[in-house]
Amino acid sequence: MLNELKNEWKKTIEAELRSYLGTDEIPELSIGVPPKSDMGDAAFPMFPYAKSAGKAPALIAKDIMEALSGKDHPEGEMLVAGPYLNIRFDIPSLSGKILEEAEKGGDLYGHVSDLSGKKIMVEFSCPNTNKPLHLGHMRNDSLGESVSHLLKAAGAEVMKVNLINNRGVHICKSMLAYKLFGNGETPESTGEKGDHFVGRYYVRFANWEKEAEEAKKANPDIINDPSFIDPDTEAQKMLRLWEAGDKETRELWQKMNDWTLSGLAESYKNMGISFDRLYYESETYKLGRSEVMKGLEMGVFKKEEDGSVQVDLSPIGLDKKVLLRRDGTTLYMTQDLGTAVKRHEDWPFDSLIYVVASEQNYHFKVLFYVLSLLGYDWAKELHHLSYGMVNLPEGKMKSREGTVVDADDLLEELTVLAKNEIEAKGREEAVGDVSETARKIALGALNYYLLQVQPQHDMVFDPKKSISFNGNTGPYLQYTCARISSILRKYEEAKDEYDGAESNCSLLVNDDEKLLLKSIESFPETVRKAALNYDPSIIASCLYDNAKTFSHYYHDNQILKAETKELSVTRIRLIRALRTVMKNGFELIGVPYLESM
RNA sequence: GAUCCUGUAGCUCAGCUGGAUAGAGCGUCCGCCUCCUAAGCGGAAGGUCAGCAGUUCAAAUCUGCUCAGGAUCACCA
């Protein structure tokens, strides 16, 4: 609505400028926003026309305003602010329409149709089955889930997929450690969550490996000692057994995978993450071979003298890449090739988005190129949503140094903190289910924290300070929304008192009310921008601005006991529309909505 | 060495399709609960937007170079 108006103004002013300057060739007029709301709602700078007019920008602004004021022009009031020609819209007269849109839209307000008819697959998470999730995975999961919601809100049909990395030598490592040191214990017998149980054996292997290294360093001859077992050699041996389908190895593998996966499923559930389809690397890792063979026949790949198959990447400024080992076995790249092709067969998508850390930029650049060499025209619709690392104040998280922030632990700690807050404020009764509310606050805090940073940027997480419930945080947004809900509840309870009072949008005249109206009006535009850029941080900052404005508004103005009943009823409409925007926005960034907190 | 990413307040981050006085939160200091939830609100202090040069009427924003940090460049995944 406001955008259309701005564009109409732009065209009108440009037309006037053409006749003013006596030429059709004028620089495009840019649309800005004045720094303060009392300066108007749209700003058109006149600088670019100063030279050809031979006049100061301020004078041009004045002339154009005078010229236009006698003519037909779009809705709004012109004012000159130095070198700018500003337009002030009559927000109160538009506010009825704005609120109606939001009321009509309801839970779907903010949804747009830019991507309607598009089928988009989003791949994210992709855990290993040898350890639990950590903070880095959480950023991936939050992003993947949020982007999926954004794409749906933009009209797309979305398929969320996960690729479980359940094979390879790293998986064998935890299996081997369990086999040697496990003594038959199980998650049930120790009372551990399955993924943590298996993860403990993965760590056990790493320690064993370290001990063996030291033993070898102390006594190089030890490798000839028949009683010495080299961990890495042993793990490789196990991998070969696995690939050969050895019954005992496969059974152990199956058992440990199940343990991990049931643990991961619980974590996903707690984090509000879900998938429409799971792919398992054990089922996909061989899929790429026939694609590579096809490429060989097509002549786009080359068989080297040593028997390996390689692709020449010089057209995209890179070196060479092996696609099939000389022994004919497959690689990560081979697997991803096959998986992509299979996915397109399973569900012919218009676009596939890989949510994977920026460390793998090279891999995806090559993958997309190779798929295009194979003649898949959908290869150009593949996107790598590359996101930055989550670092600690002292640098990278390192499992060896035990600095990895475990996902379950973090969520649990936050839940306890939230619970303490609820109790400290004496809100147990108001909140109802304390544990459930605490859990939702924790989740809101975490998702908001992870999503407020632009995906591409690395971020720093300080376990001691980072997650707070005050200020620019998820709980602040939840709190603001809960206050709105509280007012709306009270209004419903005392509705009789407002009988006969009609809402009158022309009463919404103060600055905060105008800001909120503008934000409500532009919410669909905000969603569109976030969806098309795969960037949830745009939603996060919009919601934060709203919460901030509302808090200020709330502090200075009575809603239920405004000067007149009419005004109260109108403000109720405003904050109800605001809650719609907040709630719908929450949905997009994984912040649970709370009726009360 | 090559390629890519990043550098904005003490810390964590916005702002970047060039436009008016560079914004938040945390932390520090000072105020505000007879009032719809103080997980709140207001105020103060805090900046050479890494540096240099260029393009432009106008540069945190675009270009180049320099410096600093990170990632990648495996017949690992």
Side-chain angles (χ1 to χ4, degrees), chain A residues 30 32-36 39 43-51 56-57 81-84 86 126 128 165 167-171 281 285 304 306-310 317-319 321-327 329-336 357-363 365 386 388-389 391 393 395-396 418 421-422 424-425 427 430 441 445 449 452-454 456-462 465-466 468-480 482-491 537-538 540-541 544-545 547-548 551-552 554-562 568 575 596-597:
Chain A
S30 57
V33 179
K36 282 188 179 162
M39 297 164 88
F44 297 98
M46 292 296 130
F47 303 102
Y49 314 102
K51 203 176 258 177
Y84 294 85
N86 290 358
C126 305
N128 288 323
N165 292 306
R167 64 161 289 279
V169 72
H170 54 301
I171 303 297
E281 205 196 311
Y285 79 106
E304 300 293 314
D306 63 10
S308 66
V309 178
Q310 309 203 3
L318 300 171
D319 200 8
K321 180 81 190 171
V322 175
L323 297 176
L324 218 47
R325 290 192 187 96
R326 81 189 107 195
D327 63 5
T329 57
T330 62
L331 292 106
Y332 176 42
M333 184 64 71
T334 331
Q335 179 252 112
D336 248 6
S358 57
E359 304 171 305
Q360 297 199 29
N361 287 353
Y362 170 84
H363 172 77
K365 201 173 170 185
S386 162
M389 325 235 323
N391 293 318
K396 280 183 86 159
E421 283 286 305
I422 293 169
K425 292 173 200 303
R427 299 287 301 167
I441 291 170
Y449 185 83
Q452 65 172 327
V453 178
Q454 276 190 13
Q456 185 191 45
H457 289 20
D458 286 355
M459 63 192 289
V460 175
F461 179 85
D462 185 337
K465 302 192 292 195
S466 283
S468 130
F469 297 158
N470 303 320
N472 187 0
T473 65
Y476 170 59
L477 301 189
Q478 291 171 311
Y479 174 72
T480 307
R483 290 215 288 201
I484 298 173
S485 294
S486 169
I487 297 169
L488 293 174
R489 265 198 312 277
K490 292 205 159 90
Y491 170 76
S537 75
I538 293 172
S541 79
Y544 176 68
D545 288 343
K548 191 89 178 118
S551 294
H552 181 255
Y554 170 90
H555 187 262
D556 292 355
N557 300 278
Q558 287 282 314
I559 292 164
L560 291 172
K561 290 178 201 150
S568 284
I575 68 166
S596 186
M597 71 184 273

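On a predicted model such as this, the values are computed, not experimentally measured, just so you know. Naming convention: chains lettered A, B, ... in sequence-line order (proteins, then strands); numbering from 1 in each chain.
OP1 and OP2 of B/C5 both lie 4.0 Å or more from every side-chain N or O belonging to A/Ser358. Under 4.0 angstrom from either OP1 or OP2 of B/C26 there lies no side-chain N or O belonging to A/Asn470. Neither OP1 nor OP2 of B/C36 sits under 4.0 Å from any side-chain N or O of A/Lys561. At the phosphate of B/A71, neither OP1 nor OP2 sits under 4.0 Å from any side-chain N or O atom of A/Gln360. Residue A/Lys465 places no side-chain N or O under 4.0 Å from the OP1 or OP2 atom of B/C26. Distances shown here put a side-chain N or O of A/Arg483 below 4.0 Å from the OP1 or OP2 atom of B/A38. Remark: A/Lys548 is not in phosphate contact with B/G40, judged by side-chain N or O atoms under 4.0 Å from OP1 or OP2.
With C1' as the reference atom, B/C11 and B/G46 are 12 Å apart, rounded to whole Å. The same atom, P, is picked in B/G10 and in B/U72; the two are 31 Å apart, to the nearest Å. Using P as the reference atom, B/C29 and B/A38 are 24 Å apart when rounded to the nearest Å. With C1' as the reference atom, B/C32 and B/G70 are 45 Å apart, rounded to whole Å. If you take atom P in B/G47 and the same atom in B/G23, they sit 14 Å apart, rounded to whole Å. Nucleotides B/A60 and B/G15 are separated by 9 Å at their C1' atoms, to the nearest Å. Taking the C1' atoms as reference points, B/U28 lies 32 Å from B/A20, given to the whole Å. The C1' atoms of B/U63 and B/C16 are separated by 15 Å, rounded to the nearest whole Å.
Using a distance-only test at 3.5 Å, with no hydrogens or angles considered, no donor-acceptor pair links the side chain of A/Ser466 to the main chain of A/Phe461. Between the side chain of A/Ser568 and the backbone N or O of A/Ile559 there is at least one donor-acceptor pair closer than 3.5 Å. A/Asn86 places no side-chain N or O within 3.5 Å of a backbone atom of A/Ala81 that could act as its donor or acceptor partner.
Along RNA chain B, the nucleotide nearest to A/Ser30 and the one nearest to A/His552 differ in position, and the one closer to the 5' end is contacted by A/Ser30.
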Check against side-chain contact (heavy atoms from CB on, under 4.5 Å), A/Leu560 and A/Tyr491:
CA-CA 7 Å; A/Leu560 291 172; A/Tyr491 170 76; 3.7 Å; yes
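Side-chain atoms of A/Asn86 and base atoms of B/A20 include a donor and an acceptor less than 3.5 Å apart.
Side-chain proximity of A/Tyr544 to B/G25, B/U37, B/G19: nearest is B/G25.
Judged by centroid separation below 5.5 Å and plane tilt below 30°, A/Phe47 does not stack onto the base of B/A58. Between the side-chain ring of A/Tyr476 and the base of B/G40, no stacking contact exists by the 5.5 Å and 30° definition.
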